[in-house]
2 protein chains.
Amino acid sequence: MTDRKIRTMEEFAEVSGISRPTVSKYFNDPDSVRKTTRERIEVALEQYHFRPNIFAMNQNRKLTKNIGIVVPYLADPFFAEIARHLEERVIAAGYQPTLYSSHGDPKQEIEILDGLLSLKPAGVLLAPLGRASDRAEIEKFCRDVPTLLFDSNLDGIGQAFVGSDNFSFVTQTVEYLTRTGEPPSFFEMRTPANPNANKRRNAYIATMERLGYEPHVISIDGEGWAFEEIGKRGAMQVLADKSLPTNAVLCSNDRLAIGFLAAAYQSGLRVGHGEGCALRIAGHDDHPWSQFTCPPLTTVSQDYTAIAERSVDLLFGLIEGARTEDRPEILFDGKLVLRSSA
Amino acid sequence: MTDRKIRTMEEFAEVSGISRPTVSKYFNDPDSVRKTTRERIEVALEQYHFRPNIFAMNQNRKLTKNIGIVVPYLADPFFAEIARHLEERVIAAGYQPTLYSSHGDPKQEIEILDGLLSLKPAGVLLAPLGRASDRAEIEKFCRDVPTLLFDSNLDGIGQAFVGSDNFSFVTQTVEYLTRTGEPPSFFEMRTPANPNANKRRNAYIATMERLGYEPHVISIDGEGWAFEEIGKRGAMQVLADKSLPTNAVLCSNDRLAIGFLAAAYQSGLRVGHGEGCALRIAGHDDHPWSQFTCPPLTTVSQDYTAIAERSVDLLFGLIEGARTEDRPEILFDGKLVLRSSA
DNA sequence: CGAAAAACTTTACTCACGTAAAGATAAACC
DNA sequence: GGTTTATCTTTACGTGAGTAAAGTTTTTCG
C-alpha cells in the first residue's frame, strides 16, 4: 500500500497504466478484460486499494448490483435467520444486499420500497407484512422492479413466491398428535398479521374433519409482533377457563407456543408427552429458540438454507431471463421435529 | 396524482413552477425556502409524487444523510432489538439508516465498513465484534468517518462509546444472590467474542472477594454465536460433574443462561428460588426472550431505549460539532429484574 | 506472415443533482 | 414609498463513473 490516496477512477487509471474505460469495464466484470490487463489492474489495486464510488457507478447503470431484502420484523429471529441466509447467497452471487425491516408497520414497508426504488435495485426479496400490507402500492413497486415474495404470499403480486407448505406442516403435526394421544386444539391469533396463519387454521380444520374429529380453534386477541406475550396472555386465560377439550395444543407458530409454554409453567402444569404431564404443546416453524425451551418444543422445521437458496436462485433467474408470464409458487415441505413438549 | 411521470428534478421544477436550484434547496431542508414557495412545491408533490435520486443527491454532497448501523450478529435478538431502536431514532432525526450485520465474521466487518465508506455516511453506529475485530482497519475507518461505538468498547477507537456498566450489572446480581441464598458461581465462555464478558468476569471476582467468598469461574469451550447451544452443552457437563460449589449460577449473559436452563431441565433439576428447587440461575442483559423462559429468568435489564437515544444524540453531536479531543464513554446502569429463576 | 478478430485508448457525451455567482423579485422595515 | 434584506431565477460548472464511437494496438489463427 502506497501513501498516495487515489480518489477517482481517473487517478487509478493513471497509476495503473490502463485507460479509464477499461478500468471501468474491469470493475463491472473482471473477466471482461484480457488476462494481462486484469493482472496489471490487480497489481495496482494491491498497491493503492481503490474502490469506485458507488453513487457514481449506479447513476448511469441501467441495472445495479443492488439487491434489496425486506422483512416485516427483524427482531423476530425467524426473519433474522432467513435474512442472514439470503444475504450470504446474494453476496456469493456477486451482488450487494441491503437489508430492511418494516418493523411491523405498513407505512414503513412502503417507505422502504419507495427508498429502494431510487437505489435502482436489480431485484428485491420481499417478505411482506401480509394482511396489513398496502397491496396497491406493493403491486405498483413490483411492476418496476423484479420482486420475489417470500414467507407471506400476496396473491398475484410479485414475479414469484417462495414459502412453506402450510397444509403439509399442519397435517403432519395434527396426525402425529392424534396418533400418539389426543387430537389437538388449534391456538392462534384472532387477527394474524401473516397470511400463513389463516392457511394453517384452515388446514387444521380440514385435517381434523378428515380424521373424524371436531376441530377446536382458540383465537386470542392481540395486535403487533410480541407473539410470546400475546400467546402467554391468551394461554393464561385458556388455562384458567379450563376450556381445552383435550390435552393437546397445536400453536399456529413457535412464538405463540413459547408463550403457551410460559403460561403452562406459571400455571404449574407439566408439559410433555408421558407420565405426569398434563399438556402437550406443539408449534410450527422451528424457530431458532425452540430447541432451548423447557421442555424443548415439538415443531415442524423450515429448511432455511433451502428456502434462501431457492429464493435467490429464482430471483436471479427473473433478473436475467425475460419476465415469464406465469408466476411460480414454490412451497417447501417441513419436517416434523419431535422434541419432548409433545 | 397525475399520470405524467416525473423522473428528474428538472422536470419536477418545471411542473411546479419553481426553479431547480430552489427545489434542490427545498429537498435538502424544506424550511430553507419561503413559506409560499414551500407550499407551491408541496402542492406539486401531492400531484406528481417525485423523489430526487439518492445517488445523484449524495454524489455531490460533502455530507450525506446516511447513517450506517453495524452490529456483530443480527440474529441475536439483543442486537436486533437495539438496531430497531437505533433505526427509529435515526429516522426521527431526518437521516437514513442502513443496517448491516457482520455475521460474526471480522472480514465481513471490514468489508461492511469499506462499502460504507463509499456511501459517504454522515456517521456510523458500530457495535464491533470485539476481540476478533481487526482493530487497525477499524481505526483507519474511524479516522475518516465520525463513528460511535456501542455495546463493545475498543479502547481509543471511535469518537465515543456507549455501553453498559458491567461492573454494576454483576455487582447487583452477585449481591442479590448472596443476600438471598448462596454465593454464585460464574458461568462464561472461555474465549468470549465480546469484551463485556471479560469485564463481567473480573467484576464477579472482585465482588466475591470483597464479600469474602471464594470466586468460582466456570469457563466453557465453544466458538461462534450459538450461545444457547454452547451454554447448554457446557452446563450439561457441569451438572454431570456435580462441580458446582453452591446452588447458584450467574451467567455472563442471558443467552448462556437460556442454555443452562435447558440443560437443567434435561437433567431433571428444578430451577428457581424456593422450596423444591435445586438450582438458581441468573443472567445479564434482559434479552427479549428472558421473560418467557421456564422459569422466567432473573437478570439485569439494559434500557434499550435510553441506550439508543443517547447513542444517536451523541453521534449527531459529533457530526455537527467539532471533533472533541476527549472520547466520551457513557455507561448505563442496569436494573435488577427479579423473576423466578433466582 | 498476413489478415481477421479481439481488446485497448481516446474522445466525448450522459446521468441527476449539488452548488456557487450574478442578477432579478419579492418581502420587510422604518 | 423607498430602501434594505431575503429569496428566487438564471447560468454554469462540478461530481465520478457508465458508455458509445472511432481509431489504434495486440492477439489469434489459418
Side-chain angles (χ1 to χ4, degrees), chain A residues 5-45 48-66 96 114-122 144, chain B residues 5-45 48-66 96 114-115 117-122:
Chain A
K5 279 222 173 174
I6 302 294
R7 312 200 155 282
T8 73
M9 195 177 274
E10 201 81 52
E11 287 176 34
F12 179 75
E14 198 182 324
V15 298
S16 68
I18 306 285
S19 74
R20 191 179 66 76
T22 304
V23 171
S24 168
K25 249 188 123 204
Y26 168 84
F27 278 108
N28 281 317
D29 176 10
D31 288 331
S32 70
V33 303
R34 203 187 289 146
K35 196 182 160 203
T36 52
T37 315
R38 185 163 55 246
E39 279 161 359
R40 285 172 67 191
I41 291 178
E42 276 159 4
V43 165
L45 262 184
Y48 293 100
H49 178 69
F50 159 75
R51 279 207 170 198
N53 179 301
I54 295 191
F55 293 120
M57 275 176 61
N58 288 332
Q59 184 152 5
N60 285 331
R61 259 215 271 263
K62 308 151 212 292
L63 221 56
T64 68
K65 291 278 184 182
N66 294 332
Q96 201 206 317
D114 250 25
L116 217 39
L117 213 54
S118 72
L119 287 186
K120 293 193 198 167
D144 294 340
Chain B
K5 278 222 173 174
I6 303 295
R7 313 201 155 279
T8 73
M9 197 178 273
E10 201 81 52
E11 286 177 33
F12 180 74
E14 198 183 324
V15 299
S16 68
I18 306 285
S19 74
R20 191 177 66 76
T22 305
V23 171
S24 169
K25 248 188 124 203
Y26 168 85
F27 277 109
N28 282 317
D29 176 10
D31 288 330
S32 69
V33 303
R34 204 187 289 147
K35 196 183 160 202
T36 54
T37 316
R38 185 164 56 244
E39 278 161 359
R40 286 172 66 191
I41 292 178
E42 276 159 5
V43 165
L45 263 184
Y48 293 98
H49 179 66
F50 160 76
R51 278 207 171 197
N53 179 300
I54 295 191
F55 291 120
M57 276 177 61
N58 288 332
Q59 183 156 4
N60 291 328
R61 261 213 270 263
K62 307 150 211 294
L63 221 55
T64 68
K65 290 279 184 181
N66 293 332
Q96 201 206 316
D114 251 26
L117 213 54
S118 71
L119 286 187
K120 292 193 200 166

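All heavy atoms count here, side chains included; hydrogens, waters and symmetry mates do not.
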Sugar-phosphate only, base, or nothing, as touched by A:Thr8 at under 4.0 Å among non-hydrogen atoms: sugar-phosphate
Position toward the 5' end of DNA chain D (nearest nucleotide), B:Gly17 or B:Ala56: B:Gly17
Atom pair distance, as rounded to whole Å: CD in A:Glu10 and C1' in C:dT10: 11 Å
Toward the 5' end of DNA chain C, by each residue's nearest nucleotide, B:Met57 or A:Lys35: A:Lys35
Minimum heavy-atom distance between B:Phe12 and B:Ile41, given as atom pair plus value: CZ-O, 3.8 Å
Phosphate contact (C:dT9 OP1 or OP2) by A:Ser19 side-chain N/O below 4.0 Å: yes
Residue A:Arg20, side-chain atoms from C-beta onward, closest of C:dC17, D:dA17, C:dT19: D:dA17
side-chain hydrogen bond (donor to acceptor under 3.5 Å, both in side chains), paired with B:Tyr26, selected from B:Glu42, B:Arg38, B:Arg40: B:Glu42
Sugar-phosphate only, base, or nothing, as touched by B:Phe12 at under 4.0 Å among non-hydrogen atoms: nothing
Presence of A:Asn28 side-chain N/O under 4.0 Å of D:dG18 phosphate oxygens OP1/OP2: yes
A:Thr37 side-chain N/O to C:dC8 phosphate OP1/OP2 under 4.0 Å: yes
Shortest non-hydrogen separation from A:Leu45 to A:Phe27 and the atoms involved: CD2-CZ, 4.2 Å
Value in whole Å for how far the C1' atom of C:dC15 lies from CD1 of B:Ile54: 16 Å
A:Ile6 CD1 - D:dG16 P separation (whole Å): 13 Å
Side-chain N or O of B:Thr22 closer than 4.0 Å to phosphate OP1/OP2 of D:dC8: no
Contact nearer the 5' end of DNA chain C, comparing A:Arg38 with B:Asn60: A:Arg38
Closest-nucleotide ordering on DNA chain D, the 5'-leading residue of A:Pro21 and A:Arg34: A:Pro21
No-H, no-angle donor-acceptor pair, A:Gln59 side chain to D:dA17 base, under 3.5 Å: no
B:Ile54 CD1 to A:Gln59 CD distance, which is reported to the nearest 0.5 Å: 12.5 Å
Side chain of B:Val33 (C-beta onward), nearest among D:dT11, D:dC8, D:dA17: D:dC8
